Chemist: 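Supplied in C-alpha cells, the structure appears directly below.
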Amino acid sequence: MLNKATQLEQAERERVFVTYVEDKPGVLNRVASLFRRRNFNIESLTVGHTEEEGVSRMTIVTNVSESVARRIEANLYKLVNVLRVEELTDKPKVFRDMALIKVQAQKEARVEVLQICDVFRARVVDVAPEALIVEITGENGKIEGLLELLRPYGVLETVRTGHVAMRRGYGIGSRPT
Amino acid sequence: MRITGARILWETLVQEGVDTVFGYPGGAILPVYDAMLDYPIHHVLVRHEQGAAHMADGYARASGRLGVAIATSGPGATNLVTGIATAMMDSSPILCITGQVSSDAIGSDAFQETDVTGVTLPITKHNYLVSSAEEIAPTIREACYIARSGRPGPVLVDISKDAQIEFAEYERDRSEVRLSGYRPDLRPSTDEFRSAAQMIEDAERPVILAGQGVLKSNAMQELAEFVNKTNIPVAMTLLGIGCFPASHPMNLGMMGMHGEAWVNQAIQESDLLLAFGMRFDDRVTGNLASYAPNAKKIHIDIDPSEINKVVRADVAIVGDLRETLREVNPLLQEQSHSTWLEHIDVLKQESGIRDVQNLPGNGRLLAAHVIHDLWQLTQGQAFVVTDVGQHQMWAAQYYRHDRPWTLATSGGLGTMGFALPAAIGARFARPDEEIWVIVGDGGFQMTQAELATCRQENIKLNIALINNSFLGMVRQWQEFFYDERYAATPMVNPDFVKLAEAHGLTGLRVERRNQVESAVQRARNTEDTVLIEFRVAQDEAVYPMVPSGADLQAMIRRPMNEVKARAPRSKSRVE
Ligand SMILES: Cc1cc2nc3c(=O)[nH]c(=O)nc-3n(C[C@H](O)[C@H](O)[C@H](O)COP(=O)(O)OP(=O)(O)OC[C@H]3O[C@@H](n4cnc5c(N)ncnc54)[C@H](O)[C@@H]3O)c2cc1C
Ligand SMILES: Cc1ncc(C[n+]2csc(CCOP(=O)(O)OP(=O)(O)O)c2C)c(N)n1
C-alpha cells in the first residue's frame, strides 16, 4: 500500500515550467531532445525573446508526477544554456493560449457565430463572404468551450500558439540573475 | 597576435595543459594537423577513431586530467561516437575535436559532412559548432572547463575548415571561465548534515554504498575517517573499486549483479543505505520493488538529477562528496555495530565454500585462477584495464585493489573493445606504472588493430587475453536463460600469438595453471608489449549472478555438486 504522501507524489497533473535560456543556435533542440531522451512528454512548448537581449523564454507544459517534475527541473538545469527554471504550477499566474479559428459563417449563421464570439470575448480578425477567422486568447477551457460551440457551424481550420505563462504581481522571480 | 584558427586551437590547448592527443587525420582537420607540428604536443596515431576516444578516456581515468581526441569530419567523427557514449556514461572528462566542412557548405550534404553536434547531442555533456576563428579560443576554454568540472563528462567541439584557416587576433586569456547557466558546485545546507548524522546514529544495520563519486571527488581519506568512526561496512560498485582498500576489514566487496552474495544479502537486510557518489544502476539494484525494503536511504551526489531518479532518498545531499563528508564527519558518534558485523561474517563463511579459489582446477585452466594468480604475482599493485564480459567480472572479484585509481573499466555502457585502447591512453598518463590489460577474445578483436599503435609508439603493456573461444558472458546467459542454445557465441579465432608477433610484439600461450607464473613474470620482464593468450575453460560461469531484473537476494550460486567434485555441470540452480 502506498501512503498518502507517496500517492500525491505519484499523481500526474498538468505542470507549467518557465525556462530562461541563452539565445544560442540549437537551444530549442537541446531542450526538446532532453524531453525525448528522458521520456518526459511535452504537452506544449513555446519560445520567444524576452525583454533582455540574448535571453529567450520557454513555457513548457507537461503532464507528470511531482517526482518527475523535480527530475525535469534538475535535468533542465544540467543544460549549459539553461539559465533558470521556475515551476509556476501552483503559483498565482496568468496562463494563456491563443487560437485562430476559421469557421463557416453564411447568412443567418453569421449572426449566431458573432454572438457566440461576443460572449467569449473572441475577436473577428478576418471576414470573407463564406467564413470568418476568430481570434481567442485564454486558458485551455475557454478555447475548448468556444471550439465546441463553433463546431456545428463548420470549423475549417484551427491553429494554436501553445501556452505562455507569467507570474502575477510585482515579482519577477523567474528572471535570471 | 594574428594567427590562424588552427594555431589558436593549439595555443589554447597548450595553455590548458594538454600535451598528448590521440587522433587520426583527414581533409577537414588537416589545417589543425599541419599547425600541430609547431607545438609541444605528442600526437598518438590510432588505427580507428573509436580507439582515439577510448585512449582519451583511459588517459583521463588514469590521471584525472582531461583526455583529448581528434578526428576529421563525417566518418572520422562518427567513429568517435562509441567512445564518447562510453565516457558519458562513466563521467569521464574528454574533449573531442572534430573537423567540419567549410561553414558555407554546411547543410549542403557536402563531401564527408555529418551533423556531428546533432549526432552527439545526447551523448555529450555539452557540444559546440564553431565556424569562425575568433570563437575558437573562448570555446575551447569553456569546453575544457565544462568537461572537467562538477560531474565530469565528454565535450565535443566541431570546427569548420574555414575557421581553422582564417586569421584572428589571439591573446592569452588568463581569466576564469564564467558561464551564467552552468553551476558545477552546489553547496548543501547544514540541516541536511544534521538529519543525516541523526539517521546514522539511529541505524542498526547500516551499509555504505561507495561509488565512483568517491574517486571523482578524491574523498578516500574522508571515507576512511567516516568508517573508522562509525564502523559501518563498505560495499563498492564496479566503478567504485579502489575507493576503499580491499584489504580493509570493513570492506565487504562489490555489490550487485555479480557482487558477493553476502554483500547483496547485507544490503537486503540493511536498515540504512548510505549512497556515496553512486547512482543505483540497475546492475546494482536488481528489482527495484524489492530492493533493500527496510532501509532508509541517504544519497550524496553532486548531480541533482540523480536524486530520486531510481531510488527515493530519505535524506538527499547535493554536493561534492568530499566537501560533504568533511561537514558530516565531525557530527558523527563513535559506533561499534558488532552484532551486525558478526552477522555479516556468518553470511561470508557460507559463501566462501563456493568460491572458485577453493575448487580444484582438475587440470583445466580457469579464468578466475588466472586473474587471482595475476593479482598475487603483481602484489596487487598493477593498474588494471578490463574489457567487458566474464573476464571483467572475474577481474572485479579476484584482482583486489588497495589503491585508488587503479582500475579502468567500462561500466555504464559496457563497451567491448574498450580495454586495449584505454590502456594505451593510461600508459601516457602513467608512464612508469605496471599496466595489465585483461580482455576477452571477443572484445579484443574489436579493437586489436591498436596493437599497431603500441608498436608505433613503442609502449609497454601487458595483455592477458582470456580466450574461452566464446562470447563468454553471452554464452552464460544462453546457458542459464536460453536453454543452452548457443546462437552466435562460439568463436573461431586467429592465432593470437602469431598476431602479436606480426605486430613485432611478443606473444605467449598458457594452457595450464602451472605455466601462469612464468608467463606473467616473463611479460613483466620484457621491455615491449607482451600478449599472453590464456586458453581457459569454455563453459565456466561467473557466480553469483542476479538475473537481470530479479530480486537482489535471488542469486544464482555455484551449484554445490561442483564444489565437491568438479564434475561437468548439468543445470545451474536458482536459489
Ligand atoms: C557486464 C557488466 C556487469 C556489471 N555488473 C555490475 C555489478 O555486479 N555491480 C556493480 O556495481 N556494477 C556492475 N556493472 C557496472 C554498472 O553497469 C555501473 O556502471 C556501475 O554500477 C556504476 O557505478 P557508480 O554508480 O559508482 O558510478 P557512476 O555511474 O560513475 O556514477 C557515479 C555517481 O557519482 C556522482 N559523482 C561524481 N562526482 C561526484 C562528486 N565529486 N561528489 C559526489 N558525487 C559525485 C555522479 O553524479 C554519479 O551519480 C556492470 C557492468 C557490466 C558491463
Ligand atoms: C560493443 C558491444 N557489443 C556487444 C556487447 C554485448 N556483450 C556483452 S559481454 C559479451 C561477450 C564478451 O565476450 P568476450 O570478449 O570473449 O569476453 P568473455 O565474456 O568471454 O570474458 C557481449 C557480446 C557489448 N557489451 N559491447
Side-chain angles (χ1 to χ4, degrees), chain A residues 1-10 17-40 50 52-58 64-87 174-177, chain B residues 85 88 91 103 106-107 115-132 135 138-139 142-143 145-147 149-153 155-158 177-186 279 289 299 301-314 316 318:
Chain A
M1 272 295 288
L2 299 173
N3 64 30
K4 192 128 185 224
T6 325
Q7 273 174 13
L8 271 179
E9 209 167 276
Q10 291 181 349
F17 293 92
V18 170
T19 305
Y20 283 86
V21 298
E22 285 177 301
D23 202 357
K24 295 219 167 132
V27 169
L28 180 59
N29 191 10
R30 286 181 200 278
V31 172
S33 168
L34 164 70
F35 277 76
R36 174 190 56 77
R37 188 172 99 66
R38 297 278 177 195
N39 217 0
F40 307 139
T50 61
E52 201 174 326
E53 201 176 325
V55 177
S56 290
R57 174 174 176 138
M58 292 182 180
V64 296
S65 65
E66 171 64 22
S67 56
V68 174
R70 300 284 65 77
R71 286 185 55 209
I72 289 179
E73 183 175 339
N75 276 288
L76 280 170
Y77 268 122
K78 273 175 84 167
L79 298 179
V80 172
N81 302 128
V82 168
L83 300 171
R84 204 179 149 98
V85 183
E86 192 190 16
E87 190 182 346
S174 50
R175 188 88 147 266
T177 41
Chain B
M88 182 70 177
S91 304
S103 52
I106 289 179
D115 172 12
V116 175
T117 42
V119 168
T120 58
L121 187 143
I123 53 165
T124 48
K125 187 171 171 187
H126 195 55
N127 65 19
Y128 298 87
L129 171 61
V130 173
S131 50
S132 73
E135 289 170 73
T139 306
E142 265 181 46
Y145 170 62
I146 291 171
S149 54
R151 179 177 182 171
V155 177
L156 179 137
V157 181
D158 197 25
V177 176
R178 277 189 55 88
L179 290 167
S180 42
Y182 179 68
R183 299 156 217 81
D185 30 48
L186 299 163
R279 60 177 176 87
H299 196 174
D301 202 294
I302 200 167
D303 179 352
S305 77
E306 289 297 343
I307 305 293
N308 295 333
K309 183 182 81 175
V310 179
V311 166
R312 205 170 164 279
D314 296 277
V318 176

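Naming convention: chains lettered A, B, ... in sequence-line order (proteins, then strands); numbering from 1 in each chain. Every value quoted in this text rests on a predicted model; they were computed, and no experiment measured them. What's counted below: heavy atoms across the whole structure, side chains too, no hydrogens, waters or symmetry copies.
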Chemist: By number, which residues in residues 70-79 of chain A have some heavy atom less than 4.5 Å away from chain B?
Modeler: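 Residues in range: A:R71, A:A74, A:N75, A:Y77, A:K78, A:L79.
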Chemist: Locate the shortest heavy-atom distance separating B:R151 from B:E306; write the atom from each residue and the value.
Modeler: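 For B:R151 versus B:E306, the nearest heavy atoms are NH1-OE2, 2.8 Å.
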Chemist: Would you mind telling me which of A:R36, A:R37, A:R38 has the largest number of heavy-atom pairs within less than 4.5 Å of chain B?
Modeler: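 Max contact count across the listed options: A:R37.
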Chemist: So, taking the atom named CD in A:E87 and the one named OG1 in A:T19, what distance separates them when rounded to the nearest 0.5 Å?
Modeler: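 The distance works out to 10.0 Å.
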Chemist: By a 4.5 Å heavy-atom criterion (distance strictly below it), what part of B:L129 contacts chain A: side chain, backbone, both, or neither?
Modeler: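 Looking at B:L129, nothing touches chain A.
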Chemist: Which heavy atom of B:S149 sits nearest to which heavy atom of B:K125, and what is that distance?
Modeler: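 Taking every non-hydrogen atom into account, O-NZ, 2.8 Å.
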Chemist: What's the shortest heavy-atom distance between A:M58 and A:V21, and which atoms?
Modeler: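 Shortest heavy-atom separation between A:M58 and A:V21 comes out as CE-CG2, 4.1 Å.
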Chemist: Quick one: does B:D158's side chain get under 4.5 Å of B:T120's, heavy atoms only?
Modeler: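 A side-chain contact under 4.5 Å is absent here.
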Chemist: Determine whether A:V18 and A:R57 make a side-chain contact, defined as any pair of heavy atoms from C-beta on separated by less than 4.5 Å.
Modeler: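 A side-chain contact under 4.5 Å exists here.
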Chemist: So which residue, B:I146, B:V318, B:D303, B:I307, ends up with the most heavy-atom pairs under 4.5 Å with chain A?
Modeler: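 Option with the greatest count: B:D303.
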Chemist: Side chain of B:N308, backbone of B:A313: donor and acceptor closer than 3.5 Å?
Modeler: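 Checked: pair present.
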Chemist: Using the side chain to side chain donor-acceptor pair (under 3.5 Å) criterion, which residues pair with B:Y128? Sequence neighbours excluded.
Modeler: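 With neighbours one apart ignored, the set is B:E142.
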Chemist: Can you tell which part of A:V80 gets under 4.5 Å to a heavy atom of chain B, answering side chain, backbone, both or neither?
Modeler: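 Contact with chain B involves both backbone and side-chain atoms of A:V80.
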